[in-house]
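Worksheet: the structure to be examined is printed underneath.
In what follows, chains carry the letters A, B, and so on, assigned in the order in which the sequence lines appear, proteins first and then strands, with residues in each chain numbered from 1.
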2 protein chains.
Amino acid sequence: MTLLEPTPAGPGLAPKLGRKRDHTRDPEILDAALDVLAETGYDGMTIDMVAAKAKAGKATLYRRWDSKADLVLDAVACMKPVETDFSKLPNTGTLRGDLLAMIKTPNVQDAEKKLKIMAGIVSMISRYPDLAEAASAAMVEPRAAANRFLMQRSKDRGEMRADADIEALSMISASMVSYRVLMLRKTATREFLVNLIDQVVLPAAGIARG
Amino acid sequence: MTLLEPTPAGPGLAPKLGRKRDHTRDPEILDAALDVLAETGYDGMTIDMVAAKAKAGKATLYRRWDSKADLVLDAVACMKPVETDFSKLPNTGTLRGDLLAMIKTPNVQDAEKKLKIMAGIVSMISRYPDLAEAASAAMVEPRAAANRFLMQRSKDRGEMRADADIEALSMISASMVSYRVLMLRKTATREFLVNLIDQVVLPAAGIARG
DNA sequence: CATATACGAAACTCAACAGTTTCGGATATC
DNA sequence: GATATCCGAAACTGTTGAGTTTCGTATATG
C-alpha cells in the first residue's frame, strides 16, 4: 500500500527484534490525512489533526513518514484511482449512454472528494513537483484515460466525427466540473453534468441529439 | 482604488493634522501583494515579503490594512478585470474571429497571472467566502460575461445553432485553460488555444469548420 | 524473562510569522 | 516652530505548528 516509505528494513538480513509495526494502520492514517487535506488544505492541515482523526500518536506518524510533505505525498499516491480496467467501463453502445453511466452518484461523490483534495494541493504544485506528479497520476490521468477509451471506441464505430480531437474532448468534463466547483463554487449537480454531455461534449464530438 | 479599507476618516468633520498618507503607494503595495500571492500562494506569502517587494515598511501596510486577510482581499478586489465594456470587444463578424482576437498575447499573459493568483487562493475559499466572492467578481465573471456577449451576438446573427446553451459554452475555454495549467501543469500555448476553439468551442456551438 | 521495538499520550524545542512598538526623520496643519 | 501624522527600518511579542523526546504499556524475538 504505502509506496514511497515502504519498509526502512534493508533487503534480506535484518532479523528484527521487538514488537512489529502494525501496517494495517497505514491506510487508516493515509485516509485520515486525505480527509483533513480535503477539509483544510495542505497548509491548514496539521499532523496533530491527522493523528487525532486516525486515533494514533504523533510519534507513530513520524516513525512511518519523515515529514508532513512525505505523508501527504504518500496519501495522494496511494489513493484509489477511478476504474483503470477498461473492460469494466460502461459499454452501452452509444457514447451518450457510456458517459451517462459514468456519472452515477458514487462516481460523482468520489470525484468531488478528489476535487477538494486537489484544491488543497494546487498552491503546492509549484513548490513540490513530486506531489503534482502523484496527484496527476492518481486523480487526473486515470479519468482522462477512461474518457479517451470511451471516445476512441465511439470514433471507431463511426459515431463520433472522424476528425474529432479526442485528446481535447476527453478533458472537457473534468475541466468544466473542476472550474464550476473550484472557481464558481457551485456544486456539480446531476442536472449540470447531463447538460454538459448534451450541450457540450456530444455536439463537439459531432454527435447529433438523439 | 482601495475599496474596502478606504479612509478611516469619518465623514466630514475631521480636520486632519500631520503628514498625509501617500495614497499613490496603495496600488504599488497591492500589486506587490498580487505578485507574491501568485508566486507563493496565500499561506506561503508573508507580510514582510510584500513590504520588501513594495519597498515599504511593515508598519505602513498595517496602517492601511487591518490584517493579511484584508490586504489580500483588497488586492484581489482592486485587480484590473478584463474588458468590461462590451463595445470595445473584438467584432470581426464571425465567432471564430472574435475568439481568436481574444487570445492575443497580452490577454493570455494576464490570464495566466490571474490563474496563478487563483491557485494561491483556492484552498482559502471555503474559509473566507468574501475572498471567493472578490476573486470571482474580479477574475472569472468578467471573462465569462465577455464570452457570453460574443456568443449571444453570434447566435443573434444566426451563426451559432439556435438551441446552443451559451451559459455552458461560455465557460469552456476558461475551464479547460484552468484545468490544463493548474491540474496538468502545462502551459496554455497559442496552439492549444486555437485548437480549443476549432475542435471544441465552435463544433459545440454548431459552427462548421470554415 | 530479558531485550528491543511499537504503541498512544503528552511534554518539549525551535523556527517562522502575524501583528505591535519604537525609532529617527520627513511633511503636513495651525 | 509646536504638534501631529506619515514614512521605512528594525526590534519586539505571542502564537502556532513541525518535528523530537519521554513515559508507561503492549507485543514481538531469543
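When A:L184, A:V181, A:L196, A:L193 are each tested for a side-chain contact (heavy atoms from CB on, under 4.5 Å) with A:M176, only one passes: A:L196.
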Inset, instruction - Between protein and nucleotides 13-26 of chain C, map the contacts as a letter string: B base, S sugar-phosphate only, - none, heavy atoms under 4.0 Å, written 5' to 3'. - result: ----SBBBB---BB
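The neighbour count for A:K155 NZ, taken as heavy atoms of other residues, nucleotides or ligands under 6.0 Å away, is above 12.
Separating the CG atom of A:L17 from the P atom of D:dG30 is a distance of 7 Å, rounded to the nearest angstrom. As rounded to whole Å, 20 Å separates atom C1' of D:dC6 from atom NZ of B:K55. Straight-line distance from the CG atom of B:L61 to the P atom of D:dC6: 14 Å, rounded to whole Å. Atom NE2 of B:H23 and atom P of C:dA28 are 14 Å apart (whole Å).
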Which pairs of donor and acceptor atoms, one on a side chain in residues 52-60 of chain B, lie under 3.5 Å apart (sequence neighbours left out)?
unit_1, atom_1, unit_2, atom_2, d
B:K53, NZ, B:E39, OE2, 3.1
B:K58, NZ, B:D48, OD2, 3.3

List the atom pairs, with distances to 0.1 Å, where a side-chain N or O of residues 122-146 of chain A and a protein N or O form a donor-acceptor pair under 3.5 Å, not counting sequence neighbours.
unit_1, atom_1, unit_2, atom_2, d
A:R127, NH2, B:T40, O, 3.0
A:E141, OE2, A:R148, NH2, 2.7

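Considering only the side chain of A:R21, C:dA6 comes nearest among C:dA6, D:dG30, D:dG8.
Judged by a 6.0 Å distance limit and a 45° cone about the ring axis, B:K68 is positioned over the six-membered ring of B:Y42.
No side-chain donor-acceptor contact under 3.5 Å links A:K113 to the backbone of A:V108.
Near DNA chain D, defined here as any heavy-atom distance below 4.0 Å, there are no residues from residues 119-129 of chain A.
Applying the side-chain hydrogen bond (donor to acceptor under 3.5 Å, both in side chains) definition to pairs two or more places apart or across chains, those involving residues 179-196 of chain B are A:D165-B:N195. The ring pair (Phe, Tyr, Trp, His ring centres under 6.0 Å) analysis of residues 135-155 of chain A, with sequence neighbours excluded, yields the pairs A:F86-A:F149.
In this model, the phosphate group of D:dA4 is not approached by any side-chain N or O of B:K20 to a distance below 4.0 Å at OP1 or OP2.
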